[in-house]
Amino acid sequence: MSLKVLQVALVPIALVSQGLAVDTPILFRFLPDYPRIFRRLWERHKNPVSWVCRPFFGLVFCYGAILHNWPIILAGVLGMGSSWFWFPKWKHTPAWAEEFINKEYEVLTPDNHWDLKRVVLPSVGMPLGLAALAGLLWYLAYPWNWVGILVLVIVTVIKIIWSAKLEETVLNPLTRIVLIGFGLGTILGAVLFVWYG
């Protein structure tokens, strides 16, 4: 199998994995075109609309597990994984978004390619954490499965705090963006539970 064919097969997997906190600039650097593709799409991540999608699809993922519905779980995973590059970069990107995403890129590309804190733990921990959350939501009976939603909210708050430490100007806009995502996800949740309940 040529490297070109391997690249065609792996780039979509890498891009979705990036949205799930896997450090793909490091792990997929052996693909010749991936750094260029990633950098171009990373610029699109500076559009704050894409940031609304993460909590929204996080809730979709949780609802799918509670409802024991694999298509909804898959929609949540694919949405969380790929929505970071769906929307074009704004012509006038807010300075806080530009600064934050540039700093986040620096975190994703450390000098030590196997940095435990920046590369290994997020690349393994986030996918395993999502699997554990799905299991928790799937197997716990009502009302205890809603504890899983609380776990998602707590993880989101931790991400907001981490983001604010990385770039302090991002705290207020990011908090509003996350609340919009959770609000839209709550509306969708009401529809799903009426539809499937």
Side-chain angles (χ1 to χ4, degrees), residues 1-62 64-65 69-91 93-94 97-135 152 155-156 159 162-163 166-167 170 174 177 181:
M1 181 185 309
S2 75
L3 193 56
K4 273 289 192 208
V5 172
L6 186 64
Q7 181 164 277
V8 167
L10 289 180
V11 164
I13 293 167
L15 293 173
V16 169
S17 298
Q18 179 62 48
L20 300 175
V22 174
D23 197 334
T24 62
I26 300 298
L27 299 176
F28 289 88
R29 71 181 184 277
F30 66 92
L31 298 174
D33 294 336
Y34 187 70
R36 179 185 53 78
I37 294 167
F38 176 82
R39 238 356 230 170
R40 186 177 42 124
L41 292 177
W42 190 254
E43 286 298 306
R44 295 172 70 99
H45 189 35
K46 293 177 180 177
N47 184 331
V49 176
S50 72
W51 305 1
V52 171
C53 296
R54 176 71 55 93
F56 174 81
F57 282 111
L59 285 175
V60 169
F61 170 79
C62 291
N69 188 306
W70 285 106
I72 295 174
I73 292 172
L74 182 62
V77 169
L78 290 176
M80 281 189 295
S82 64
S83 61
W84 65 273
F85 61 83
W86 287 356
F87 305 99
K89 181 180 177 185
W90 289 346
K91 288 181 180 165
T93 302
E98 190 84 40
E99 286 297 314
F100 173 69
I101 294 300
N102 288 340
K103 287 182 180 179
E104 195 173 40
Y105 181 78
E106 291 171 17
V107 170
L108 289 173
T109 54
D111 294 332
N112 174 3
H113 294 308
W114 296 108
D115 183 295
L116 183 67
K117 190 171 151 187
R118 290 184 176 187
V119 180
V120 178
L121 288 178
S123 297
V124 174
M126 182 66 169
L128 288 178
L130 279 175
L133 179 59
L152 176 70
V155 169
T156 303
K159 168 69 174 172
W162 176 85
S163 301
L166 193 63
E167 174 57 44
V170 82
L174 183 59
I177 287 168

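What you see below is based on every heavy atom in this structure, not just the backbone, and it leaves out hydrogens, waters and symmetry mates. Each residue takes its place number in the sequence, starting with 1.
Between N47 and T93, every side-chain heavy-atom pair lies at or beyond the 4.5 Å cut-off. Side-chain contact between I73 and N69: absent, with no pair of heavy atoms (C-beta onward) separated by less than 4.5 Å. Using a 4.5 Å heavy-atom threshold, the side chains of Q7 and L31 count as touching. Counting only heavy atoms from C-beta outward, the side chains of W162 and V107 approach each other to under 4.5 Å. You'll find the side chain of R44 stays beyond 4.5 Å of the side chain of F87, heavy atoms only. Residues W90 and P48 have side chains in contact (heavy-atom distance under 4.5 Å, counting atoms from C-beta outward). F30 has its side chain within reach of L6: a pair of non-hydrogen atoms, C-beta onward, lies under 4.5 Å apart. In this structure, the side chains of E104 and W42 come closer than 4.5 Å at one or more pairs of heavy atoms.
The existence of a salt bridge linking E43 and R36 is excluded, since no basic side-chain nitrogen approaches an acidic carboxylate oxygen closer than 4.0 Å. Taking 4.0 Å as the cut-off between side-chain N and carboxylate O, E99 and K46 do not count as a salt-bridged pair.
A distance of 6.5 Å separates CG in L166 from NZ in K103, rounded to the nearest 0.5 Å. If you take CZ on F38 and CG on D33, they are separated by 15.0 Å, rounding to the nearest 0.5 Å. Atom CE of residue M80 and atom CG of residue L59 lie 9.5 Å apart, to the nearest 0.5 angstrom.
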Report task. Determine, step by step, whether S82 and L15 satisfy the side-chain contact (heavy atoms from CB on, under 4.5 Å) criterion, reporting the C-alpha distance in whole Å, the side-chain angles of both residues, the deciding distance to 0.1 Å, and the verdict. Result -> CA-CA 7 Å; S82 64; L15 293 173; over 6 Å; no
Report task. Starting from the C-alpha separation in whole Å, work towards a yes-or-no answer on side-chain contact (heavy atoms from CB on, under 4.5 Å) for E98 and N102. Result -> CA-CA 6 Å; E98 190 84 40; N102 288 340; 3.9 Å; yes
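In K4, the NZ atom is not crowded: 12 or fewer heavy atoms of neighbouring residues, nucleotides or ligands sit closer than 6.0 Å.
Across all their heavy atoms, T24 and S17 have their closest contact at CG2-CB, 4.0 Å. Considering all non-hydrogen atoms of both residues, L152 and C62 come closest at CD2-SG, 3.9 Å. Listed here is the closest heavy atom pair of R54 and S83: N-OG, 4.4 Å. Annotation for I13 and A9: closest pair CD1-O, 3.7 Å, computed over non-hydrogen atoms.
For the pair R39 and Y105, the distance from NZ or CZ to the six-membered ring centre is under 6.0 Å and the angle to the ring normal is within 45 degrees.
Partner of F57 under the ring pair (Phe, Tyr, Trp, His ring centres under 6.0 Å) criterion, out of W86, W51, W84: W86 alone.
F61 and W70 have their aromatic ring centers separated by at least 6.0 angstrom.
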